[in-house]
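Working notes, structure below.
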Amino acid sequence: MGSWEQLKENASWYEAGAFDVAVIGAGHAGCEAAFACAHLGLSTVLFTLHLDQLANLPCNPSIGGTAKGQLVREIDALGGVMGEMADLSAIQTRMLNRSKGPAVFSPRAQMDRASYSRKMKARIEKEENISLVQAEIVELFWEEMEGTKILNGVRTRSGACYHVKAAVICSGTYMEARTIRGEVILESGPDGLSRSVGLSGSMADAGIRMQRFKTGTPVRVNRRTVDLSEMEVQPGEPDMPPFSYANEMKGITPPEQQIPCYSVWTTPETRKVITENMDRSPLYSGVIEGTGPRYCPSIEDKFMRFPDRSRHQIFVEPMGKETEELYLQGFSTSLPEDVQVQMVHSLPGLSKAHIQRAAYAIEYDCIDPTTADLSLESTCLKGLFTAGQINGSSGYEEAAAQGLMAGINAARKVLHKEPVILDRSRAYIGVLIDDLVTKGTKEPYRMMTSRAEYRIFLRQDNADMRLTELGHEIGLIDDERYSAFEEKRKAIEEEKQRLRSTFLPPSEKLRAILTRCGSTPNQSGISLAELIKRPELHYSDLAEIDEGRPELTPSVIFAVEVDIKYEGYLALEKERIAKFAALETKKLSPDIPYEKIEGLRLEARSKLAERKPMSLGQASRISGVSPADIAVLLVYLEAKRREERKEKNDGR
């Protein structure tokens, strides 16, 4: 573990090749990272433990959901691939939170699990700049220059050594993993696949702090042994927009024939089975050492933590078009298999269900994400980037978002360019990365809309308006797609202006429309925009009286209506963002001597010196740094600025 020069000392090792970037792990984070590097012109080697499990969906076979759908659309707007792949493999689509405001509308699609993985593998194999290799990476090489460790290579278990300029580790839940079902503990990754051994230790040797987390996955049952008539049907919504803006521009929509999902509720018998077997639960017996996700607890944890709730909802979801497997979302557990059978049989419609895959808990190594900076580069080992569950997050979408940004920044490091950092006001991706890196996490982190301070602005429908221009600047959005985006942006602005400048006098026709919609008739001239601002009125309601209306796509119409209805809120949001930006633009040098700044509390000095925040805004979000400490830093920065100005003037 250490210098590349060790190659000469070990006869069983050999030099296998040189690449610009190595991506370790081909899950959702790894695939995005590899594509980003390859599309930016860098030679990329993508390592995976299992060639047939690329972009696997080992837990819930779905993409998107609350806050996660926003992440997928942002990934696509920047030039990532998850949205495009999801559109190709969707078997059911829905827009969550339709009863709430558009700020929290969240697209979600049920995937054909096997199809998604196959299509991603085929896409990667056709990518000219990606070399896909089935191998286990067990060691990192680095050299030390002036006290700084700099990554320069990786080694496989078989002894193949690759010289690289940067690497992105996307190990998912495989690193030193073990699965747990009751008393049965296996040293394996998800679905009984082999785990990664050794890489975690190599990272620790480089000075990276490690921690251990736990997650789980529910049982899978055979459809022919289930009585679906006892369940509530949850059909899809064929009027959904696709995840990918590129597909939206091509007019590609979800399939009209969608496979339904179902839902059931736990019963008193379910509670009885679980409570009578809690002494066999690894979660409560101390067998499980890792910290589990607070927002996605196992079913036994739900009953223990929420004793006042008599029942919990379970969603029964298909795994694909060509399989009879059904997934019981919300029913993860680490209880023994014999108990799982009783639990499943206690549910409506599942009294005779045959379990094809038993549920399990899985523990794995991950890093303390505060040892990375906002570009997702390690502060301990330069040139090493991390993305996904290795950073303490949970979820495919969170992983893909980090993979995209880590890939972009690894490529830019090799190209000697400044990193791309999204702040909290620009994207959910920015919120995700800032939370992990600045605040850290002691449990698997899950993205939620409530984590985003500016969610009225960070909507799923306008991710392209926020990020496509940046994606084009980076080099991941081609000119053809960017031109189509500009046309859409122009159409939105022109239609908003037309609605503001088109006035309607009182008339019987308008009165009839307003009365039908429960809206007060106007007594004088009123613009179409003012009418649309009314909560009870929609753009479509005014079609018969709006003679000059142009032919527009559904996405343009939706954007126009939301922008007009929420114009006041968006103006206030922009004011808040401007205040936020004032702190974010005050950059902090990594060599500031915090321990010498008078007025800073001891805890703040320690935390700031350790984390080395990139801006005053980031410093303000570090636990242990108070508003008073930020005020002291402001005074210090101003004094420093005056001192530098004086030195400059004196030197003239």
Query raised in the report: For E377, does its backbone N or O pair with a side-chain atom of D373 as donor and acceptor, under 3.5 Å?
Result: yes

Query - Quiz item: cation-pi between R459 and F558, 6.0 Å / 45° - result: no

Query raised in the report: To the nearest 0.5 Å, how far apart are CG in L588 and CG in L616?
Result: 5.5 Å

Report task. Go through the structure and list residues passing salt bridge (charged side-chain N to carboxylate O under 4.0 Å, His left out) with R621, not counting sequence neighbours. Result -> D434, E584

Requested in this report: Kindly say whether V556 contributes a backbone atom to a donor-acceptor pair with the side chain of K488 at under 3.5 angstrom?
Outcome: no

Query raised in the report: Side chains of D435 and Y445: donor-acceptor distance under 3.5 Å anywhere?
Result: yes

Query raised in the report: Within the side chain of K68, is there an N or O that forms a donor-acceptor pair under 3.5 Å with the backbone of Y396?
Result: no

Query raised in the report: Does S620 use its side chain to pair, donor to acceptor, with the backbone of G617 at less than 3.5 Å?
Result: yes

Query raised in the report: About how many Å separate CE of M240 and CE of M95, when rounded to the nearest 0.5 Å?
Result: 4.5 Å

Query raised in the report: Are N56 and S117 close enough that a side-chain donor and a side-chain acceptor fall under 3.5 Å?
Result: no

Query raised in the report: Can you tell which of E248, E397, E84 makes a salt bridge (Lys or Arg N to Asp or Glu O under 4.0 Å) with R73?
Result: E248

Requested in this report: Could you walk me through whether S298 and K302 pass side chain to side chain donor-acceptor pair (under 3.5 Å), step by step?
Outcome: CA-CA 6 Å; S298 64; K302 288 179 185 178; over 6 Å; no

**Report entry** Minimal non-hydrogen separation, V168 against A387, with atom names
**Finding:** CG1-CB, 4.4 Å

Query raised in the report: Taking only residues two or more places apart in sequence, or in another chain, which ones meet P260 in a side chain to side chain contact (heavy atoms under 4.5 Å, CB included)?
Result: V233, Y262

**Report entry** Considering all heavy atoms, the nearest G330-I299 contact
**Finding:** O-CD1, 3.8 Å

Query - Donor-acceptor pair between D87 and S244 side chains, under 3.5 angstrom - result: no

Query raised in the report: When you measure from the side chain of E398 to the backbone N and O of M447, does any donor-acceptor pair fall under 3.5 Å?
Result: yes

Query - Selection residues 471-495 - residue pairs positive for ring pair (Phe, Tyr, Trp, His ring centres under 6.0 Å), sequence neighbours left out - result: H472-Y482, Y482-F485

Requested in this report: Mind checking the CD-CG spacing from E494 to L499? Nearest 0.5 Å is all I need.
Outcome: 12.0 Å

Report task. Please report the C-alpha distance between S106 and Q70 in whole Å, then the side-chain angles of each, then the deciding distance to 0.1 Å, and finally whether the side chain to side chain donor-acceptor pair (under 3.5 Å) criterion is met. Result -> CA-CA 6 Å; S106 301; Q70 282 86 333; 3.1 Å; yes

Query - Atom NZ of K321: over 12 foreign heavy atoms under 6.0 Å - result: no

**Report entry** Verdict with supporting geometry, Q618 and T438, side chain to side chain donor-acceptor pair (under 3.5 Å)
**Finding:** CA-CA 7 Å; Q618 188 187 9; T438 305; 3.1 Å; yes

Query raised in the report: What are the two closest heavy atoms between Y245 and D76, and how far apart are they?
Result: N-OD2, 2.7 Å

**Report entry** Pair listing, salt bridge (charged side-chain N to carboxylate O under 4.0 Å, His left out) test, anchored in residues 29-38, at least two apart
**Finding:** none

Query - Test item: D478 side-chain N/O and R481 main-chain N/O as donor-acceptor pair under 3.5 Å - result: yes

Report summary line: What one should report as the nearest heavy-atom pair of L78 and L476 is O-CB, 3.3 Å

**Report entry** All side chain to side chain contact (heavy atoms under 4.5 Å, CB included) counterparts of K100, not counting sequence neighbours
**Finding:** N97, V104

**Report entry** NZ/K586: more than 12 non-hydrogen atoms of other groups inside 6.0 Å
**Finding:** no

Requested in this report: Walk me through it: do I557 and T553 pass the test side-chain contact (heavy atoms from CB on, under 4.5 Å)?
Outcome: CA-CA 6 Å; I557 291 170; T553 64; over 6 Å; no

Query - Worked check of side chain to side chain donor-acceptor pair (under 3.5 Å) between E530 and S527 - result: CA-CA 5 Å; E530 288 176 288; S527 72; 3.2 Å; yes

Requested in this report: Look at atom CD of E418 and say whether more than 12 heavy atoms of other residues, nucleotides or ligands are closer to it than 6.0 Å.
Outcome: no

Query raised in the report: With the threshold set at 4.0 Å, does a side-chain nitrogen-carboxylate oxygen contact exist between E567 and K533?
Result: yes

Requested in this report: Begin with the C-alpha distance, continue with both residues' side-chain angles, and end with the deciding distance and a verdict on salt bridge (charged side-chain N to carboxylate O under 4.0 Å, His left out) for E487 and K490.
Outcome: CA-CA 5 Å; E487 287 297 316; K490 181 182 177 184; 5.3 Å; no

Query raised in the report: Taking T515 for the side chain and A512 for the main chain, is one N or O donor matched with an acceptor at less than 3.5 Å?
Result: no

Query raised in the report: Under the 3.5 angstrom rule, does the side chain of D546 hit a backbone N or O of L542 as a donor-acceptor pair?
Result: no

Query - Donor-acceptor pair between R534 and S519 side chains, under 3.5 angstrom - result: yes

Query raised in the report: Taking NZ, NE, NH1 and NH2 as the nitrogens, is one of them in E237 or R98 under 4.0 Å from a carboxylate oxygen of the other?
Result: yes

Query raised in the report: Which residue pairs pass the ring pair (Phe, Tyr, Trp, His ring centres under 6.0 Å) test with at least one member in residues 450-471, sequence neighbours excluded?
Result: Y454-F580

**Report entry** Which atom of Q234 lies closest to which atom of Q92, heavy atoms considered
**Finding:** O-NE2, 2.9 Å

Requested in this report: Output, in order, the C-alpha distance, side-chain angles, deciding distance and verdict of side-chain contact (heavy atoms from CB on, under 4.5 Å) for K565 and I532.
Outcome: CA-CA 6 Å; K565 279 190 180 298; I532 290 172; 4.3 Å; yes

Report task. May I ask you to establish whether R549 and Y539 are in a cation-pi arrangement, using a distance under 6.0 Å from NZ or CZ to the six-membered ring centre and at most 45° from the ring axis? Result -> yes

Requested in this report: Taking all heavy atoms of S62 and all of R108, pick out the closest pair and write down the distance.
Outcome: OG-NH2, 3.3 Å

Query raised in the report: Using a distance-only test with no angle check, is there a side-chain donor-acceptor pair under 3.5 angstrom linking S393 and Q402?
Result: yes

**Report entry** Donor-acceptor contact present, side-chain Q258 to main-chain P235, <3.5 Å
**Finding:** no

Report task. Report yes or no: does E74 contribute a side-chain atom to a donor-acceptor pair with the main-chain N or O of Y428 at less than 3.5 Å? Result -> yes

Query raised in the report: Do other residues, nucleotides or ligands put more than 12 heavy atoms under 6.0 Å from F503 CZ?
Result: yes

